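Scroll down for the structure; my scribbles are underneath it.
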Amino acid sequence: MTNHIPQYVLYLLILVLLAVPLGKYMYHVMTGERTFLSPLLRPVEKGLCKLMRVDPAQEMTWKQYALAAVMFSAFGFLFLLLLNLFQGVLPLNPEGLPGCSWHLSFNTAASFVTNTNWQSYSGESTLSYLTQTLGLTVQNFVSAATGIAVMFALIRGFTRVKSTGLGSFWADLVRVTLYILIPLSIVVALVIASQGVVQTFAPYDTVDLLQPVVLEDGAAVTRQVVPLGPAASQIAIKQLGTNGGGFFGVNSAHPFENPNALSNLFEMISLLLIPVACCFTFGYGVRDKRQGRALFLAMLILLVAFLGIAAASEAGATPQLAQEGAVDVSASGAQAGGNMEGKESRFGIAASTTWGVFTTAASNGSVNSMHDSYTPFGGMVEMLQMELGEVVFGGVGCGLYGMVGFAILTVFIAGLMVGRTPEYLGKKIEPREMKMAVLVCLATPVAILIGTGLAAALPATAASLNNAGAHGFSEILYAYSSAGGNNGSAFAGFNANTPFLNVSIGLVMLFVRFVPLIATLAIAGSLAGKKKVAESAGTLPTHNALFIGLLIFVVLLVGALSFFPALALGPIAEFFQMIA
């Protein structure tokens, strides 16, 4: 474990050093101020707004903003649904792949529109180039942009006084896509393509094997189909936009998605880059950088704690491997040591564990190792981060506004303790804000637990499991936690491509995406209509160590305790079975 610590520190250090200036840049984009890209992109922005007949100066109420976001997502859902259904008769399908089933099409459309990117299929054998590019890659951009746009609206809700306007959803959508997502994606795509990530519209290739493979019936296989495609462009935004949907079935464990250590570093840093930057954008936006730092530190403390637990668990391997010298699990110059099951030998324990923790913290879901093979506590950390409501940095935009929901809940509890009306950032928190904040905080556990309970009670679900017992239950719990956390990763042994699982998981993704989104905009609209309250001696500071500790406590109280019974039946029970 100790020889891995420098790697963990390096990853976190690079992440923060890049996120701080990006956060300030995103603030300038939010306010429409001039940036270094403005000379190039401002004419494009004006042209797009003119084409869409959008006036960036025209303000929307929270209801209009919410309606625009939901209707835009609904249109994207319908378009992607039809694209999946009819890809068999559409162009850019050199392999002649047929259209998807109705339930898989529904699940995929719900998944990518909600920024979840859960995949009940293997991309290279299911989706055409057209579906991957025009459908999935486009949604990778616009679903991420929608989350950041809603965060912008929430920030305006805190700063505006006696106002009904929260900005223009359409102008925010254009600015986020044009000034943030596209430039970052171009940089990442060029870097990873230079390392060997494929980017082509050529048909799949067929190559000779170095040595034949003999099957059980005696037949010899001498050739292999090598899938290709425009992968680099999708992988860049899948990482940056906390989307996570892989071009290939095994995601970033595939050498054509993640060829080497340098591509792995760029993709892994991209996982959390924008979510971390959102904290600093929030500080600049509310005109108090201390508030952004407080949210950042609360998230960082949780991330480091979870990373430490997972790292120690994976480096220590399982009791069965470590006991009686069954396998040498020590790290050395010849081997990575620890629990290497399901992990790439190219990356080892540190890079695999960091990716696994980062991707479930970021609600990204891309993987460079198979989470089904993690130790019980290693897998539990990944589950728990999703179950907290994607607030350990979380998704782009939505992770920040999810944590603000917990911050509102924290100041309300603190206000009850001292007998004062709670205040946050100069605005009184009253029953309306509290009701909406509770919706933001509880939507995730409600959806996950109901979905998991129904699936576990259905006898047919057992056929989709790779394991029985506690680990089998963990596979079900992880799947619905991934959907409810808008994450998209999976315990790789779970086959979810059935009508019930596709539909139920799709409904969970839609519920957990849009209920908090609408509730957040309701909070923003209510706050924008309030006057500023002068800070007094009785005002709870929301930027100091005490508040950060309270915030972490509330996150764990509401999130972790909600899932303790379920976790006790899954990874905790599995751990005690292993040491028994």
Side-chain angles (χ1 to χ4, degrees), residues 107-108 110-112 114-123 136 140 143 234-235 238-254 257-258 264 267-268 270-272 275 303 306-307 310 314 342-344 347 351-375 378-390 392-396 398-399 444 448 451-452 464 466 471 474-497 501 505-506 508-509 512-513 570-571:
N107 181 277
T108 304
S111 179
F112 281 80
T114 59
N115 197 234
T116 307
N117 292 38
W118 168 269
Q119 295 174 288
S120 295
Y121 60 87
S122 184
L136 305 191
N140 283 348
S143 65
Q234 181 173 325
I235 292 160
K238 93 166 186 188
Q239 299 298 98
L240 289 163
T242 61
N243 298 287
F247 196 92
F248 302 105
V250 293
N251 211 284
S252 288
H254 197 291
E257 281 203 30
N258 189 10
N264 190 73
E267 292 184 31
M268 186 160 54
S270 299
L271 284 169
L272 280 174
L303 179 70
F306 287 136
L307 179 59
E314 296 308 306
K343 297 180 178 66
E344 280 285 332
F347 307 132
S352 299
T353 303
T354 304
W355 187 301
V357 173
F358 277 18
T359 197
T360 48
S363 86
N364 185 288
S366 66
V367 297
N368 72 348
S369 59
M370 299 301 106
H371 295 180
D372 195 36
S373 295
Y374 274 53
T375 60
M380 186 180 73
V381 162
E382 295 165 342
M383 271 190 268
L384 186 55
Q385 288 193 121
M386 297 183 292
E387 291 162 352
L388 292 177
E390 60 168 323
V392 186
F393 293 112
V396 289
C398 49
T444 296
I448 292 173
T452 301
S464 293
N466 193 42
H471 194 80
S474 292
E475 291 178 351
I476 301 172
L477 178 61
Y478 192 104
Y480 284 91
S481 297
S482 182
N486 283 149
N487 185 268
S489 64
F491 262 22
F494 187 66
N495 170 35
N497 192 13
L501 292 174
I505 289 174
V508 168
M509 292 187 286
V512 174
R513 171 68 165 183

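All residue numbers refer to positions in the sequence shown, counting from 1. Everything numeric here is computed off the predicted structure, so don't read it as measured data.
Although no hydrogens or angles enter the test, the distance criterion places a donor-acceptor pair under 3.5 Å between the side chain of T452 and the main chain of I448. Judged by distance alone, with hydrogens and angles left aside, the side-chain atoms of Q119 form no donor-acceptor pair with the main-chain N or O of G245 at under 3.5 Å. Side-chain N or O atoms of T359 include none that pairs as donor or acceptor with a backbone N or O of G356 at under 3.5 Å. Using modelled atom types, one side-chain atom of H471 and one backbone atom of D372 make a donor-acceptor pair closer than 3.5 Å. A donor-acceptor contact shorter than 3.5 Å links the side chain of N364 to the backbone of Q239. Put simply, the side chain of S482 never gets that close to the backbone of N487: no donor and acceptor are under 3.5 Å apart.
By the ring-ring contact (aromatic ring centres under 6.0 Å, His included) test, H254 is found to be paired with F248, F256, residues two or more places apart in sequence or in another chain being considered. Under the side chain to side chain donor-acceptor pair (under 3.5 Å) criterion, T375 pairs with S313, E314, sequence neighbours left out. A search for ring-ring contact (aromatic ring centres under 6.0 Å, His included) contacts involving Y374 returns H371, not counting sequence neighbours. Judged as a side chain to side chain donor-acceptor pair (under 3.5 Å), and not counting sequence neighbours, the contacts of S120 are W118, N502. By the ring-ring contact (aromatic ring centres under 6.0 Å, His included) test, F306 pairs with no residue at all, sequence neighbours left out. Applying the side chain to side chain donor-acceptor pair (under 3.5 Å) test to S481 and every residue at least two apart in sequence or in another chain returns E387.
Counting heavy atoms from C-beta outward, T116 and V512 have side chains that stay 4.5 Å or more apart. With a 4.5 Å cut-off on side-chain heavy atoms, I476 and F494 count as touching. Looking at heavy atoms from C-beta onward, C398 lies out of side-chain contact with N486 at the 4.5 angstrom threshold. The side-chain heavy atoms of T353 and F347, taken from C-beta on, include no pair separated by under 4.5 Å. Put simply, the side chain of P571 reaches to within 4.5 Å of the side chain of M383, judged on heavy atoms. Counting heavy atoms from C-beta on, the side chains of T444 and M386 never come closer than 4.5 Å. For the pair F491/L477, no side-chain contact is recorded, criterion being any heavy-atom separation below 4.5 Å from C-beta on.
Contact record, P275 with V396: CD-CG1, 4.0 Å, taken as the closest heavy-atom pair. Nearest heavy-atom pair, G506 versus A110, reported as atom, atom and distance to 0.1 Å: O-CB, 3.9 Å. Shown here for A253 and M370, the closest heavy-atom pair between the two residues is CB-CE, 4.2 Å. What you find for S489 and Y478 is that their closest heavy atoms are OG-OH, 2.7 Å. Closest approach of A496 and L501 over heavy atoms only: O-CB, 3.4 Å.
Atom CG of N497 is separated from atom OH of Y121 by 11.0 Å, given to the nearest 0.5 angstrom. For the atom pair N243 CG and T114 OG1, the distance stands at 9.5 Å (nearest 0.5 Å). Rounded to the nearest 0.5 Å, atoms OG (S366) and NZ (K238) are 5.0 Å apart. One distance of note links CD1 of I235 with OG of S252; it measures 6.0 Å at 0.5 Å rounding.
Remark: the N140 side chain and the N117 side chain contain an N/O donor-acceptor pair separated by less than 3.5 Å. Of the N and O atoms on the side chains of E382 and T360, not one donor lies less than 3.5 Å from an acceptor on the other residue. A donor and an acceptor atom, one from each side chain of E390 and S363, are located under 3.5 Å apart.
With respect to N368, the side chain to side chain donor-acceptor pair (under 3.5 Å) criterion is satisfied by exactly one of N251, N258, N264: N264.
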